[in-house]
2 protein chains.
Amino acid sequence: MTQARPRFGCIEAGGTKFVLGIAEAHGAVLATTRIPTTNPADTIAAVIEWFKANGPVDAIGIASFGPIDPDPASPRWGFITKTTKPDWSGTDFAGRVGRAFDVPVGFDTDVNGAALAESRWGAAQGDDVAVYFTVGTGIGGGAIINGAPIHGAQHPEMGHILPRRHPDDLDFPGVCPFHGDCFEGLVSGPAIKARWGASLSELPADHPAHKIVAWYLGQLAMSVQAVLSPRRIIFGGGVMATPGLLEAMRSEALRLAKDYVTIIIEPPALGDQAGLLGGLALAQAAFTTGQKPWV
Amino acid sequence: MTQARPRFGCIEAGGTKFVLGIAEAHGAVLATTRIPTTNPADTIAAVIEWFKANGPVDAIGIASFGPIDPDPASPRWGFITKTTKPDWSGTDFAGRVGRAFDVPVGFDTDVNGAALAESRWGAAQGDDVAVYFTVGTGIGGGAIINGAPIHGAQHPEMGHILPRRHPDDLDFPGVCPFHGDCFEGLVSGPAIKARWGASLSELPADHPAHKIVAWYLGQLAMSVQAVLSPRRIIFGGGVMATPGLLEAMRSEALRLAKDYVTIIIEPPALGDQAGLLGGLALAQAAFTTGQKPWV
C-alpha cells in the first residue's frame with residue numbers, strides 16, 4: 001500500500017479578498033479560487049464549502065490579515081483580535097475551519113506567512129533572519145528567525161512604528177485610526193490617496209510624492225535593519241509596484257544609515273503568490289507538528 | 001574517576017573597563033577583577049595574564065562592546081569591526097584569547113550577552129522573545145529569540161534608529177558621529193551631558209530633561225515592540241538609574257502605542273551582573289558546541 005502525498009489547504013485571508021488553494025508542494029498548486037471578504041459568517045462558510053468540494057486535505061494553513069492570536073497555547077488561538085475591519089473583531093476564524101475538517105491547522109499573519117514562504121522558496125532562502133513587508137491597503141511586516149516566524153507577546157506590527165516626518169510633509173495628520181501618522185498612516189495606499197488624491201503610480205514621475213514615499217520607506221527599512229539585522233528585507237504589495245520606487249527607497253535607506261549598517265532591499269521572488277504560499281508553508285508546519293489547538 | 005564541574009572564563013568587555021570572572025554556574029562566581037580598557041594589545045594581554053593566573057578554564061565567553069563580527073563562519077569572527085573607539089577598529093579580540101587557551105570561545109555583543117543572561121537567570125526567564133537595552137555611554141539593544149541571540153547580517157544596532165523629535169527638543173543636533181540625532185545621539189549619557197551640562201540624575205526633578213528623555217525612551221520601546229513583539233523589554237545602564245525614569249518611560253511608551261500593542265518594561269533582575277553573566281552564558285553555549293572558529 002502506498003501513502004499518497006499529503007495535500008495541503010492554503011488560505012491567504014486578506015481584507016478585501018480571500019485566495020484559497022490546494023497544493024502538494026510549492027509549484028504543485030492543484031486548484032485555486034478567490035472569494036470576496038464579506039462578513040465573518042458568510043466568508044468562513046464559503047471557505048469551508050470550497051475545501052469540502054475540493055478536498056480532502058491533510059492540513060490547512062491560514063495567512064491572515066490581523067491582528068490575530070497565533071499562540072496555540074491561548075484559549076483565543078485562531079481569533080482575529082481587535083481589528084479596524086468592521087464585524088471581524090473577536091472572530092473565531094482558524095478554530096472554526098479546523099473543527100470543520102479535523103486536520104492540523106497553522107495560523108499566522110499574512111506577512112509572517114509570506115516571510116516564511118520567501119525564506120523557504122523565494123528571495124530569502126537560507127537567511128537566518130529575514131523580513132517581509134507589504135505596502136498596500138496597510139503596511140505590515142513579518143519576520144523569520146532560524147526558520148520560524150516571530151510571535152512573542154503577539155506578532156510584529158511593524159507598520160505602526162512612528163517615523164520621523166519628512167521636512168516637506170509635516171502637515172498631513174495621517175490616516176491610522178490608532179496612531180495617525182505612523183508609517184501605515186503616512187505611506188500606505190489609502191494614506192497616499194488621502195494626501196495626494198491618487199495612487200502613487202498615477203501621479204506624474206516628477207511629483208514630490210515619489211521622493212517623500214521613498215524617503216519614509218527607506219527610513220522604515222533602516223529602523224528594521226537596526227532592530228533585527230536581517231540578511232535582506234523584501235518589500236511587496238500594491239504601492240511597491242510603482243516604477244522606480246524600490247530603487248529610490250534603497251538609496252534613501254543607505255543614505256539615512258550613513259554606511260553604519262548594510263541594508264539589502266529586494267522585491268518578493270514569489271510575486272503575487274507569496275501570500276498563498278505563506279498558507280502552504282504554514283500548513284506544512286502544522287502537518288509536521290500535528291497541532292489542533294481547538295481540541 | 002569523577003569529572004570536575006566545568007569552569008568558565010567570563011569577560012564583560014566595556015569601552016572604559018573590562019570585568020573578568022571565573023564561574024562554575026550562575027551564582028557560583030569564584031573570582032572576579034576589573035581592568036581598565038586601554039589600547040588593544042595591552043588590554044588583551046592583561047586579560048590573558050589574569051586567566052592564566054586564575055585558570056584553568058574549560059570555555060570562555062566574551063560579551064563585548066561593538067560593533068563586532070560574531071559569525072563563526074566568517075574569517076573575521078572575533079574581531080571588533082569599525083568602532084568609534086580609538087585604536088580598536090579591526091582588532092582580532094576573541095581569536096587572540098582563544099588561541100592563548102585553546103578552549104571553546106563564545107563571542108557576542110555586550111547587550112546580546114546581557115539579554116541571554118536575563119533570559120536564562122533574570123527577568124526574561126521563559127520568554128520566547130526578549131529584549132535588553134543599556135542606556136549609558138551609548139544605547140545598545142540585544143534580543144533573544146527562542147533561546148538564541150539575533151545575528152543575521154551582523155547584530156542589532158538598536159540605538160541607531162532615527163526617532164521622531166520631541167517638540168521641545170528640535171534644535172540639538174545630537175552627538176552620534178554617524179547619525180547625529182539617532183536615539184544614541186539624543187539620549188545616551190554623553191548626549192544628555194552635551195545638551196544640558198549634567199547627567200540626568202544631577203538635574204533637578206522639575207527640569208524638562210526628565211520628560212524629554214522619558215519620551216524618547218518610551219518611543220524607542222514602542223518601536224522595538226512593533227518590530228519584535230517581545231514579552232518584555234529590559235532597560236538597564238547608567239542613565240536608567242535616574243529615579244523615576246523607568247516609570248515615566250513606561251507611561252510614555254503606552255501613551256504613544258495608543259493601546260494597540262502591550263509594552264512591558266522592566267529593570268534588569270541581574271543588575272550590574274548582567275554583563276559578566278552574559279559572558280558566562282556565552283561561555284556555556286560555546287562549551288556545548290565546542291566552537292573554536294580560529295582553528
Side-chain angles (χ1 to χ4, degrees), chain A residues 67 70-71 81-82 84 109 112 127-131 141 143-165 176-184 218-220 222-233 256-264, chain B residues 67 70-71 81-82 84 109 112 127-131 141 143-165 176-184 218-220 222-233 256-264:
Chain A
D71 178 4
T81 58
K82 52 173 178 199
T84 52
T109 61
N112 263 349
D127 290 357
D128 51 350
V129 180
V131 171
I144 303 301
I145 311 275
N146 297 324
I150 288 185
H151 292 135
Q154 184 185 23
H155 52 69
E157 284 287 354
M158 302 192 200
H160 296 279
I161 300 172
L162 300 177
R164 173 168 301 193
R165 294 297 296 262
C176 173
F178 291 97
H179 310 106
D181 60 348
C182 60
F183 281 106
E184 176 166 305
Q219 185 189 153
L220 176 58
M222 185 210 164
S223 295
V224 168
Q225 189 70 39
V227 177
L228 270 169
S229 185
R231 299 275 174 183
R232 78 201 73 231
I233 308 177
L256 289 167
K258 305 278 187 209
D259 205 30
Y260 192 71
V261 290
T262 306
I263 306 174
I264 296 172
Chain B
D71 178 4
T81 58
K82 53 174 178 200
T84 53
T109 61
N112 263 350
D127 289 357
D128 52 349
V129 181
V131 172
I144 304 300
I145 311 275
N146 297 324
I150 289 185
H151 292 134
Q154 183 185 25
H155 50 71
E157 284 287 354
M158 302 191 200
H160 296 279
I161 300 171
L162 300 177
R164 172 169 301 192
R165 294 296 297 263
C176 173
F178 291 98
H179 312 107
D181 59 347
C182 60
F183 280 106
E184 176 167 303
Q219 186 189 151
L220 176 57
M222 186 209 164
S223 295
V224 169
Q225 190 70 40
V227 177
L228 269 168
S229 185
R231 299 275 174 183
R232 78 201 73 230
I233 308 178
L256 289 167
K258 305 276 186 214
D259 205 30
Y260 191 70
V261 289
T262 304
I263 306 175
I264 297 173

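The structure presented is a predicted model; accordingly, all values stated were derived computationally and were not measured. Below, chains carry the letters A, B, ... as their sequence lines are ordered, and counting in each starts from 1.
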Cut-off 4.5 Å, heavy atoms of chain A, and the answer for B:L228 is both
NE2 of B:H151 to CG of A:D128, rounded to nearest 0.5 Å, is 9.0 Å
Whatever's closer than 4.5 Å to a heavy atom in chain B on A:I264 counts as neither
The interface call for B:V227 against chain A, heavy-atom contacts under 4.5 Å, is both
Among B:H155, B:R232, B:Q219, the residue with the most heavy-atom pairs under 4.5 Å to chain A is B:H155
When every non-hydrogen atom of B:I161 is compared with those of A:A226, the smallest separation belongs to CG1-CB, 3.8 Å
Interface check, chain A: of B:I150, B:L162, B:V129, B:V224, most non-hydrogen pairs under 4.5 Å belong to B:L162
Between A:A153 and B:Q225, the two heavy atoms sitting closest are CB-NE2, 4.2 Å
Under 4.5 Å to a heavy atom of chain A? For B:Q154 that would be both
Honestly, the part of B:P230 sitting under 4.5 Å from a heavy atom of chain A is backbone
Applying a strict 4.5 Å limit to non-hydrogen atoms, the region of B:S223 in contact with chain A is both
In this structure, OH of A:Y260 is separated from NE2 of B:H179 (nearest 0.5 Å) by 7.5 Å
In terms of heavy-atom contacts, B:V261 and A:E157 come closest through CG1-CG, 4.1 Å
Honestly, the part of B:H160 sitting under 4.5 Å from a heavy atom of chain A is both
To the nearest 0.5 Å, atom CE of B:M222 lies from atom SG of A:C182 at 7.0 Å
Between B:P156 and A:S229, the two heavy atoms sitting closest are N-CB, 3.9 Å
Okay, B:R231 and chain A: the region with an atom under 4.5 Å from a heavy atom over there is both
If you define the side chain from C-beta out and look only at heavy atoms, does anything of B:N146 sit under 4.5 Å from A:I145? no
